Amino acid sequence: MIQNGRIGRVEHAVDLIRFPNTLSQNAEEIEARSRNCIFVGTMHNSPYFIDFGLLMNPHIFICGVTGSGKTYLMRSLMLKLWAVGGATLLVLDFTGEYYTFASFAGGATNDPKNADMLMEEMNNGIIYFGLKDIAPEQAKVRMAESIMGAIVKRMRTGRVGRRVFLLLDEAWKLLEGSVALETLLREGRKYGYGLVFSSQLLEDIDLAMLSNAATVFLFRLQNRRGLDRLAVNYGLADRHVAAIQSLAVGSCIAVQVLTTGKRSVCMIERVHGIEVEDIVCIVSGGPMRLEIGRRKFENCIRKNCGAEALGDTLSLNGSEGRIELARLISLLLRHCSGDAVLAAMRELAVDEGDIADAFAAALAAQVGANGV
Ligand SMILES: Nc1ncnc2c1ncn2[C@@H]1O[C@H](COP(=O)(O)OP(=O)(O)OP(=O)(O)O)[C@@H](O)[C@H]1O
Ligand SMILES: [Mg+2]
């Protein structure tokens with residue numbers, strides 16, 4: 001159940017995402033099949049599940065051109081693996097696209113330097129490392145590698161008691177040659193650690209490494225040479241290779257290697273994701289932190305302060321949708337009266353004391369800027 005843009009409780013999340021509702025099959029059979037399996041999407045009116053009990057290993061690789069649906073699938077897998085699969089998810093987020101989703105599970109954090117400490121609490125559900133704002137690129141990669149090093153160390157020193165997945169979107173190119181990545185792929189299975197990773201380009205991928213992933217989702221791909229290499233590796237038929245080149249957004253071909261050594265190739269017509277509303281987070285210099293659904297925030301600012309003021313607030317959007325209260329108030333005061341700004345802040349349920357402090361700070365900044 002989503003309330004105010006948030007999934008209230010894990011049990012509700014399970015109800016929400018375990019059971020697909022557009023199916024023509026016997027409901028009991030689907031329900032029985034779906035226990036502990038991860039529902040991915042529909043093929044010709046029947047559901048497609050990942051059943052880790054049947055697979056050679058837990059690793060999942062996702063490939064496709066830009067805009068084909070990789071992140072959409074990965075975000076949905078993240079929530080499902082956590083809520084339905086009962087797994088711990090470690091998310092290394094290079095782009096900031098996972099923050100809102102991860103924060104639903106209450107495990108969001110922005111400080112990747114705390115990797116060791118966070119992993120002591122491996123039962124926490126989703127453990128999020130936001131790397132978006134780390135620059136330059138090499139520093140980001142170094143940080144990611146050090147987190148992965150900590151994960152490998154943790155993996156080798158003891159069992160967590162539940163399955164663990166590491167999510168790396170678009171990371172293949174960045175982390176190419178990473179020893180930790182290789183170790184996770186080669187040794188993860190025996191410790192119950194799975195890697196969910198993606199790439200836009202098949203050419204980037206070392207096929208020997210890729211053969212460690214028992215599940216591969218192929219969204220639309222164009223490079224014929226890369227596809228031919230993959231077809232040989234996974235025994236894909238010509239019709240599959242042709243289909244992959246003209247897939248619609250959200251459609252993919254799923255290839256799985258089973259414990260029996262057999263391969264299954266299925267066409268998923270539509271990946272079923274979970275829609276989660278983006279969140280705006282208003283913060284002050286102190287402990288205040290107020291999370292509001294983006295739609296509610298935008299409607300309130302537009303109504304009280306005007307469309308132009310709303311347009312300007314976009315420039316304030318810091319990392320992970322964070323907006324500093326005094327800066328917000330100061331910006332809104334340029335467009336409308338103090339009364340209108342006060343009404344907007346009250347409607348957003350900002351604490352009266354925080355409003356007063358932020359008004360004072362905004363006015364002091366204005367006085368300073370005017371040189372009075
Ligand atoms: N199964 C789907 N159902 C509905 N919308 C989808 C689906 N898959 C993707 N989309 C939408 O298509 C757009 C592109 O998807 P997404 O961001 O997942 O692409 P991507 O492959 O990760 O692209 P990039 O390589 O640029 O990161 C998004 O707006 C997303 O919401
Ligand atoms: Mg993406």
Side-chain angles (χ1 to χ4, degrees), residues 2 5 16-23 38-50 60-81 84 89 91-102 104 128-133 137 140-141 144 165-176 195-205 210 213 215-223 226-227 230 243-255 266-279 293-295 319-321:
I2 295 185
L16 182 77
I17 62 190
R18 176 194 283 147
F19 199 68
N21 56 14
T22 55
L23 308 166
I38 305 299
F39 172 60
V40 176
T42 40
M43 350 169 254
H44 295 298
N45 270 349
S46 63
Y48 184 90
F49 293 99
I50 300 178
I60 300 173
F61 174 64
I62 302 170
C63 195
V65 295
T66 179
S68 55
K70 301 181 295 296
T71 299
Y72 187 91
L73 170 60
M74 275 180 92
R75 283 196 301 214
S76 148
L77 286 177
M78 175 179 84
L79 282 184
K80 290 175 184 184
L81 287 167
V84 180
L89 271 292
V91 184
L92 261 69
D93 188 359
F94 293 89
T95 58
E97 289 175 289
Y98 289 79
Y99 177 77
T100 303
F101 274 65
F104 283 119
Y128 174 89
F129 300 99
L131 301 173
K132 179 177 150 220
D133 295 330
E137 195 81 344
K140 193 182 291 212
V141 172
F165 286 92
L166 172 61
L167 248 76
L168 294 166
D169 194 352
E170 281 307 330
W172 187 276
K173 186 124 192 109
L174 282 177
L175 301 174
E176 204 178 5
L195 200 62
V196 185
F197 58 114
S198 76
S199 174
Q200 284 182 2
L201 294 172
L202 268 178
E203 301 78 288
D204 289 348
I205 308 300
L210 186 58
T215 304
V216 180
F217 291 107
L218 301 165
F219 286 85
R220 190 159 71 83
L221 281 163
Q222 273 159 338
N223 184 304
L227 263 173
L230 193 81
I244 289 167
Q245 293 172 83
S246 56
L247 287 169
V249 172
S251 300
C252 62
I253 290 208
V255 185
C266 296
M267 162 85 181
I268 300 178
E269 277 159 2
R270 193 167 92 74
V271 167
H272 284 240
I274 301 161
E275 305 292 341
V276 165
E277 193 189 349
D278 200 12
I279 280 178
R294 180 170 291 282
R295 212 169 311 130
S319 167
E320 279 96 38

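Indexing begins at 1, ligand by ligand and atom by atom, following the structure's order. Just so you know, these numbers use all the heavy atoms, side chains as well, and skip hydrogens, waters and symmetry mates. As the structure is a computational prediction, the values presented were derived from the model and not from experiment.
Regarding atom 1 (N) of ligand 1, its nearest protein heavy-atom neighbour is Val271 O, 2.9 Å. Nearest to atom 2 (C) of ligand 1 among the protein's heavy atoms is Tyr72 CE2, 3.2 Å. Of all protein heavy atoms, the one lying nearest to atom 26 (O) of ligand 1 is Thr66 OG1, 2.5 Å.
The two residues His272 and Thr42 make their nearest non-hydrogen contact at NE2-OG1, 3.2 Å.
Using cut-offs of 30° and 60° on the angle between ring planes, the pair Tyr48 and Phe217 is perpendicular.
Residue nearest to atom 10 (N) of ligand 1, selected from Thr71, Val249, Ile62: Val249 (by heavy-atom distance). Heavy-atom proximity to atom 23 (O) of ligand 1, evaluated over Gly67, Ser68, Gly69, is greatest for Gly67.
The CZ atom of Phe197 lies 5.5 Å from the CG atom of Leu210; values are rounded to the nearest 0.5 Å.
At a 4.0 Å cut-off, not a single heavy atom of Leu73 sits close enough to ligand 1 to count as contact. The shell of residues lying under 4.0 angstrom from ligand 1, judged by heavy atoms, includes Glu170.
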Please determine whether side chain to side chain contact (heavy atoms under 4.5 Å, CB included) holds for the pair Leu218 and Val255, giving the CA-CA distance in whole Å, both sets of side-chain angles, and the decisive distance to 0.1 Å.
CA-CA 8 Å; Leu218 301 165; Val255 185; 4.2 Å; yes
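The proximity of Asp169 to ligand 1, defined as any non-hydrogen pair under 4.0 Å, does not occur for either the backbone or the side chain. Heavy atoms of Gln200 found under 4.0 angstrom from ligand 1 belong exclusively to the side chain. Contacts with ligand 1 closer than 4.0 Å are made by side-chain heavy atoms of Arg270 only, the backbone lying farther away.
When atom types are taken as modelled, the side chain of Arg75 and the backbone of Glu97 share a donor-acceptor pair closer than 3.5 angstrom. Checked by atom type and distance alone, the side chain of Lys70 never pairs as donor or acceptor with a backbone atom of Ile62 at under 3.5 Å.
Between Thr95 and Thr71, every side-chain heavy-atom pair lies at or beyond the 4.5 Å cut-off. In this structure, Phe94 and Glu170 have side chains that are not in contact, with every pair of non-hydrogen atoms separated by 4.5 Å or more. You'll find the side chain of Phe219 reaches within 4.5 Å of the side chain of Val271, heavy atoms only. Two residues are said to be in side-chain contact when any heavy atoms from C-beta on lie closer than 4.5 Å; Leu247 and Met267 meet this criterion.
For atom 28 (C) of ligand 1, the nearest protein heavy atom lies 4.0 Å or farther away. In this structure, atom 21 (O) of ligand 1 has protein heavy atoms in its sub-4.0 angstrom surroundings.
Atoms of ligand 1 lying under 4.0 Å from any heavy atom of Val65, numbered from 1 in the order shown and given with element: 21 (O).
The Mg ion (ligand 2) has an N, O or S atom of Thr71 closer than 2.8 Å.
Polar contact with ligand 1: present for Lys70 (N/O pair, distance under 3.5 Å). Residue Glu97 places no N or O, backbone or side chain, under 3.5 Å from any N or O of ligand 1.
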